[in-house]
2 protein chains.
Amino acid sequence: MTSQTVGHGVRPGLPDDPRAAVAAPSPSCPVEIALDALRGRWTTLVVRELLRGERTFTELRQALPALSDKVLSDRLAHLAGAGVLVRTRQAGWPPRTRYRLTPRGRRLGPVLQALWDWGAEPE
Amino acid sequence: MTSQTVGHGVRPGLPDDPRAAVAAPSPSCPVEIALDALRGRWTTLVVRELLRGERTFTELRQALPALSDKVLSDRLAHLAGAGVLVRTRQAGWPPRTRYRLTPRGRRLGPVLQALWDWGAEPE
DNA sequence: CAGCATCCATTCAGATACTG
DNA sequence: CAGTATCTGAATGGATGCTG
């Protein structure tokens, strides 16, 4: 009854891991780090798009037509700061910038899948 | 190279599942449903606390001393609406209300673990 | 093409004060 | 004990217009 421990206890495991014993929201809590990376409207859709392959700014806008360039710009900067993607500028005209996920960004795949699975459950 | 498919491909799988083909944030997207359930400061800490066992309002406040009763009240109502927890009132005085996770709420354990694991990775 | 600057409406968290 | 009501300040998100 008391032995919940997440099921297939390989990991330290929430909620009993000592590092989970915080009494207030903390930027160094791994859960907060992950949720912060995904924070904001459109963020997961941008990541989903990049999980399919690298994209330019315009390609992202075309894939998400209702997303304004201001917010897209915000999201890309935020995800870059979180180490999820990298921006590559190419010299010349017209300017071309490509966005692609880092290895860390690609590892968001299973995380989004876990969220998807939970949200897709009936009830 | 193109076969990402999340690794242990049992599920339909993001990002290629047809239901992931939305072009704008949608409340019916499973990922949005899950992130919405966890949305808001303190939310994951409340869930973590309840993963350890059922709690009363006061016990939650004691576990999270910096959390105001207004926000705690908001979070509990939100999580109840998301089907994560249930509230049980006991008649009599003083009033006693217990909060405990639903089966669906308990299934957030692995989701939080996935977030934790990602956020705990170096770099 | 790929963006940043500015402005505005809305949402949110926290503080304070009050009830069944 | 277990909340709700109200208010304020801060943080979004989106629209519009302008540049390297």
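Proteins come first, then strands; the chains are lettered A, B, ... in the order of their sequence lines, and each starts at number 1.
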task = Would you mind telling me which of C:dG3, D:dG3, D:dA2 lies closest to the side-chain atoms of B:Thr56?
result = D:dA2
task = Could you list by number each residue of residues 31-40 of chain B showing a heavy-atom separation from DNA chain C of less than 4.0 Å, or answer none if no residue does?
result = B:Arg39, B:Gly40
key: Heavy atoms of other groups near B:Arg100 CZ, more than 12 under 6.0 Å   = no
task = Tell me which nucleotide among C:dC1, C:dA13, D:dA2 gets nearest to the side chain of A:Pro94.
result = C:dC1
remark   = Between B:Thr97 and A:Asp74, the residue closer to the 5' end of DNA chain D by nearest nucleotide is B:Thr97
ask   = Rounded to whole angstroms, how far apart are CG on A:Leu72 and P on C:dA2?
value = 10 Å
request  = For B:Asp69 and C:dT16, give me the distance from atom CG to atom P, rounded to whole Å.
outcome  = 12 Å
ask   = D:dC1 phosphate, OP1 or OP2: any side-chain N/O from B:Arg89 under 4.0 angstrom?
value = no
message = It should be established whether A:Trp42 places a side-chain nitrogen or oxygen under 4.0 Å from OP1 or OP2 of nucleotide D:dG14.
response = yes
inquiry  = I'd like to check A:Leu115 versus A:Leu38 (side-chain heavy atoms, cut-off strictly below 4.5 Å). Are they in contact?
reply    = yes
ask   = Would A:Thr56 and A:Thr58 count as having a side-chain donor-acceptor pair, cut-off 3.5 Å?
value = no
query = Does A:Arg75 use its side chain to pair, donor to acceptor, with the backbone of A:Val47 at less than 3.5 Å?
reply = no
request  = Write down the distance between CZ (A:Phe57) and C1' (D:dT19), rounded to a whole number of angstrom.
outcome  = 14 Å
Check: A:Val22 main-chain N/O paired with B:Arg48 side-chain donor or acceptor under 3.5 Å = yes
key: Sidechain-backbone polar pair: B:Arg52 side chain, A:Pro15 backbone, donor-acceptor under 3.5 Å   = yes
remark   = Of the listed C:dA2, C:dG14, C:dC4, the closest approach to the A:Thr58 side chain comes from C:dA2
ask   = Is a donor on one side and an acceptor on the other found under 3.5 Å between the side chain of A:Arg87 and the backbone of A:Ala80?
value = no
query = In whole angstrom, what separates A:Leu67's CG from C:dA2's P?
reply = 14 Å
message = What is the distance, to the nearest angstrom, from the CH2 atom on B:Trp93 to the P atom on C:dT19?
response = 13 Å
key: Nucleotide nearest A:Arg41 when distance is taken to its side chain, options D:dG13, C:dA2, C:dG3   = D:dG13
First of A:Ala77 and A:Pro95 reached from the 5' end of DNA chain C, by closest nucleotide = A:Pro95
key: Rounded distance (Å) that lies between atom P of D:dG13 and atom CG of A:Leu45   = 13 Å
inquiry  = Looking at the base of C:dA13, is there any donor atom on it, or on the side chain of B:Lys70, that sits under 3.5 Å from an acceptor on the other one?
reply    = yes
query = A:Glu54 and A:Glu59: which non-hydrogen atoms are nearest, and at how many Å?
reply = O-OE1, 4.2 Å
request  = For A:Arg98, report the nucleic acid contact type (base, sugar-phosphate, nothing); a contact means any heavy atom under 4.0 Å.
outcome  = nothing
inquiry  = Below the 4.0 Å mark, does C:dA15 have OP1 or OP2 next to a side-chain nitrogen or oxygen of B:Ser68?
reply    = no
task = Can you tell me the distance, in whole Å, between the CD atom of A:Glu59 and the C1' atom of C:dG3?
result = 16 Å
message = Rounded to whole Å, how long is the line connecting atom CG of B:Leu64 with atom C1' of C:dA13?
response = 15 Å
message = Does D:dA2 have OP1 or OP2 under 4.0 Å away from a side-chain N or O of B:Arg61?
response = no
